[in-house]
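What you see is a predicted model, and the numbers here were worked out from it, not measured in a lab. Per chain, numbering begins at 1; letters A, B, ... match sequence-line order.
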2 protein chains.
Amino acid sequence: MAGSTLRDVARRAGVSIRTVSNVVNGSVPVSDELRVRVQAALDELDYRPNLVARNLRRGRSGMIALVVPELDVPYFAELAREVITAARTHGYVVMLDQTDGDGERERELLGRESRATMFDGLLLSPLSISADELRRRTNRVPVVLLGEHIFNGSFHHVAIDNVAAARDATEHLIGLGRRRIAAIGDQPYSTGETAQLRTTGYRQALERAGLTVDEQLIVPTPRFHRHLGAEAMERLLARPEPPDAVFCYNDLLAIGAMHTLARAGVRVPDDIAVVGVDGIQEGRYSSPSLTTVAPDKAAIARTAVSTLLGVIDGSAPPPTEAKAPHRLLVRQSTAGTPVA
Amino acid sequence: MAGSTLRDVARRAGVSIRTVSNVVNGSVPVSDELRVRVQAALDELDYRPNLVARNLRRGRSGMIALVVPELDVPYFAELAREVITAARTHGYVVMLDQTDGDGERERELLGRESRATMFDGLLLSPLSISADELRRRTNRVPVVLLGEHIFNGSFHHVAIDNVAAARDATEHLIGLGRRRIAAIGDQPYSTGETAQLRTTGYRQALERAGLTVDEQLIVPTPRFHRHLGAEAMERLLARPEPPDAVFCYNDLLAIGAMHTLARAGVRVPDDIAVVGVDGIQEGRYSSPSLTTVAPDKAAIARTAVSTLLGVIDGSAPPPTEAKAPHRLLVRQSTAGTPVA
DNA sequence: CCCACGCTTTGCAACGATGCAGAGATGATG
DNA sequence: CATCATCTCTGCATCGTTGCAAAGCGTGGG
């Protein structure tokens with residue numbers, strides 16, 4: 001029951017432990033006769049290498065951790081899928097953890113008693129923890145950051161160009177002839193860097209088009225969840241002069257907003273056009289389907305994983321700020337007619 | 001840089017390795033004087049225990065693996081979240097892997113060279129692999145199965161009562177006065193056990209209500225994805241006598257079906273009522289919002305984790321088939337008016 | 001016939017931690 | 001004052017594997 005070891009197999013085959021190891025690993029040549037005998041013993045005992053021991057000896061675990069705020073947020077689930085796939089092509093497996101955007105949990109993760117030492121490296125998508133703190137806490141563990149939060153030259157970092165993404169989305173709305181364009185999702189405080197970049201892009205687009213920015217149309221939300229999008233939209237509808245389009249900082253907010261619009265009998269996109277960010281699958285089948293700025297998640301994952309592995313084996317250049325591509329997917333929520 | 005070990009700390013504090021270990025673990029009493037000195041050394045060197053070494057010695061890794069077909073399927077993402085949370089309350093972390101429903105991948109996972117030995121136990125949600133094969137391959141690793149596929153007394157197992165769930169959904173539609181009720185998602189072949197149980201429940205409900213089962217209204221789908229639900233619905237709409245309600249075997253199928261209905265200008269629920277299974281968050285904000293039979297995912301996760309830990313520490317009873325509760329959440333896609 | 005060489009096989013040490021048993025010091029007891 | 005119990009603290013062995021260096025063995029060349 002307890003699992004057989006190299007020693008058990010060696011005894012049974014009448015050879016040394018080392019020879020069994022050589023057969024298992026195949027790196028060192030073993031004579032046919034012994035190989036056959038050892039292989040038989042391996043099969044009979046159903047030997048499986050103890051990876052914990054192997055890892056200790058080799059100094060590598062073959063595991064990286066991916067830490068996201070919430071796994072049940074589709075963007076992170078889809079990203080996680082890509083990360084797992086990317087890691088697998090390098091022979092790595094991925095441990096997933098979620099912090100609920102709780103700074104405490106994020107801190108714990110890097111603390112004295114954390115399991116971080118079990119992993120060769122960490123992919124972090126931090127929400128609350130500050131750059132300084134992160135730097136102080138990740139002394140030895142290779143880290144690559146995902147998403148926009150925190151960059152100051154201390155860490156490798158992979159994200160889309162959030163300013164450009166927001167600008168693209170807003171310009172698309174402007175191109176449709178919309179003039180009162182609202183924004184849902186600003187986070188004008190220290191840990192809302194991604195949101196702030198998107199606000200910047202939104203403003204740029206309006207200004208470049210010669211439109212004035214109505215501050216009343218920028219509705220902040222503490223998180224990027226459906227119900228917060230729904231509430232924000234309610235507030236916008238309650239205004240004397242509601243918008244004719246909404247740029248939501250992610251798809252969940254957009255879906256929440258559309259939910260409110262549907263209940264209120266407002267037509268999308270005829271009365272109000274809606275665009276989101278993230279390109280989650282959910283948006284392809286919503287009614288109406290959702291126009292969105294989709295980051296190339298596979299590219300993000302591939303870049304993040306290979307950068308991290310580079311840091312792990314020491315071959316990585318100094319911290320880089322990698323930008324992944326994004327593209328606008330036009331669907332019913334702005335175009336009206338089905339496109340894809 | 002390389003991370004300091006007990007030996008480094010011991011040398012610095014001028015004590016034995018063992019004493020440092022005692023300070024770190026706190027299990028054995030250490031005099032105040034030494035404790036202070038050791039603690040200082042620990043801090044100065046920023047000592048972090050090497051968990052790989054600790055695990056080797058202790059014979060436990062504190063990790064379990066959760067294997068699901070696809071992480072970006074909302075049901076699995078939401079379940080994974082609950083599993084991670086449940087595991088954390090027991091001091092365990094969770095490694096996530098996905099198989100894409102690929103039997104090969106599932107087999108690989110349990111094979112000779114798998115990483116399964118790195119984990120204290122496995123939570124499996126298998127799609128393709130057969131019971132026999134699973135039994136042959138999981139000799140030593142504690143396993144608990146999630147979902148309906150495979151149960152024959154060899155494994156602990158946690159799921160909802162799929163027959164009852166399907167019956168509840170169908171009876172709800174019957175209760176609304178619907179008579180031509182279609183079913184989307186049957187899988188009449190060996191690995192479609194969950195689907196078949198739902199078909200059974202669907203039939204039971206119709207028969208109990210004295211309705212005849214129209215085999216033409218049972219549309220199989222190879223997987224439970226949105227686009228397959230959309231296609232299945234197209235086929236149903238093309239029939240001379242379309243249904244007046246659809247029971248979809250999961251929420252993604254239902255959302256796909258509603259997508260098709262929206263494009264076709266069919267009103268939900270007026271013309272066709274739709275109900276799904278899974279209770280994913282997406283359904284609360286779809287338009288219309290989706291009536292669904294929601295499994296208690298937190299209960300499933302808690303039961304699965306504590307059962308698995310029981311198997312690991314040997315305190316578990318022989319394999320059990322645990323049933324988690326489910327409940328019907330009535331929303332617009334059947335009720336018409338907003339309920340929650 | 002001996003030596004050198006190449007190939008296979010082996011033993012030992014080590015990865016970093018913890019279990020165990022015993023050494024040393026201290027205090028309590030008869 | 002001797003003996004024993006108590007409390008810290010330490011050294012050694014060990015978890016299962018792999019790196020390293022050397023031993024064993026057969027072969028070909030001189």
Round to the nearest Å and state the distance from [X] atom [atom1] to [N] atom [atom2].
| X | N | atom1 | atom2 | answer |
| --- | --- | --- | --- | --- |
| A:Leu56 | D:dG16 | CG | P | 12 Å |
| B:Glu33 | C:dT26 | CD | P | 12 Å |
| B:Leu51 | C:dG16 | CG | C1' | 11 Å |
| A:Ile17 | D:dT18 | CD1 | P | 11 Å |
| B:Arg35 | D:dT8 | CZ | P | 9 Å |

Quick one: label [X] by what it contacts on the DNA or RNA (base, sugar-phosphate, nothing), any heavy atom closer than 4.0 Å.
| X | result |
| --- | --- |
| B:Asn25 | sugar-phosphate |
| A:Val30 | sugar-phosphate |
| A:Ser31 | sugar-phosphate |

### Message
Between the opening five pairs and the closing five pairs of the helix from C:dC1-D:dG30 to C:dG30-D:dC1, how far apart are the helix axes, to 10°?
### Response
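That helix has its two terminal axes inclined by roughly 70°.
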
### Message
Going by the rule side chain to side chain donor-acceptor pair (under 3.5 Å), which residues pair with A:Arg57 if we only count those two or more places apart in sequence or in a different chain?
### Response
none

Non-neighbouring partners of [X] that pass side-chain contact (heavy atoms from CB on, under 4.5 Å), sequence neighbours left out:
| X | value |
| --- | --- |
| A:Ile17 | A:Leu6, A:Arg7, A:Ala10 |
| A:Pro295 | A:Tyr75, A:Ile160, A:Ile300 |
| B:Asp296 | B:Ala298, B:Ala299, B:Pro325 |

### Message
Under 3.5 Å, is there any donor-acceptor pair linking the side chain of A:Arg57 to the base of D:dT18?
### Response
yes

In terms of side-chain heavy atoms of [X], which of [options] is nearest?
| X | options | answer |
| --- | --- | --- |
| A:Arg54 | D:dT17, C:dT18, C:dT10 | D:dT17 |
| A:Arg7 | C:dT9, D:dC15, C:dT10 | D:dC15 |
| B:Asn50 | D:dT8, D:dG16, C:dG16 | C:dG16 |
| B:Thr5 | D:dG16, C:dG11, C:dG16 | C:dG16 |

### Criterion side chain to side chain contact (heavy atoms under 4.5 Å, CB included) against B:Val9, the qualifying member of B:Val23, B:Val20, B:Asp43
B:Val20

### Query
Are OP1 or OP2 of C:dT18 and a side-chain N or O of B:Ser21 less than 4.0 angstrom apart?
yes

### Task
State, to 0.1 Å, how close A:Val52 and B:Met118 come at their nearest heavy-atom pair, and which atoms those are.
CG2-CG, 4.2 Å

Between protein and nucleotides 20-28 of chain D, what N or O pairs are separated by less than 3.5 Å?
residue : atom : partner : partner atom : Å
D:dC20  : N4   : A:Arg18 : NH1          : 3.2

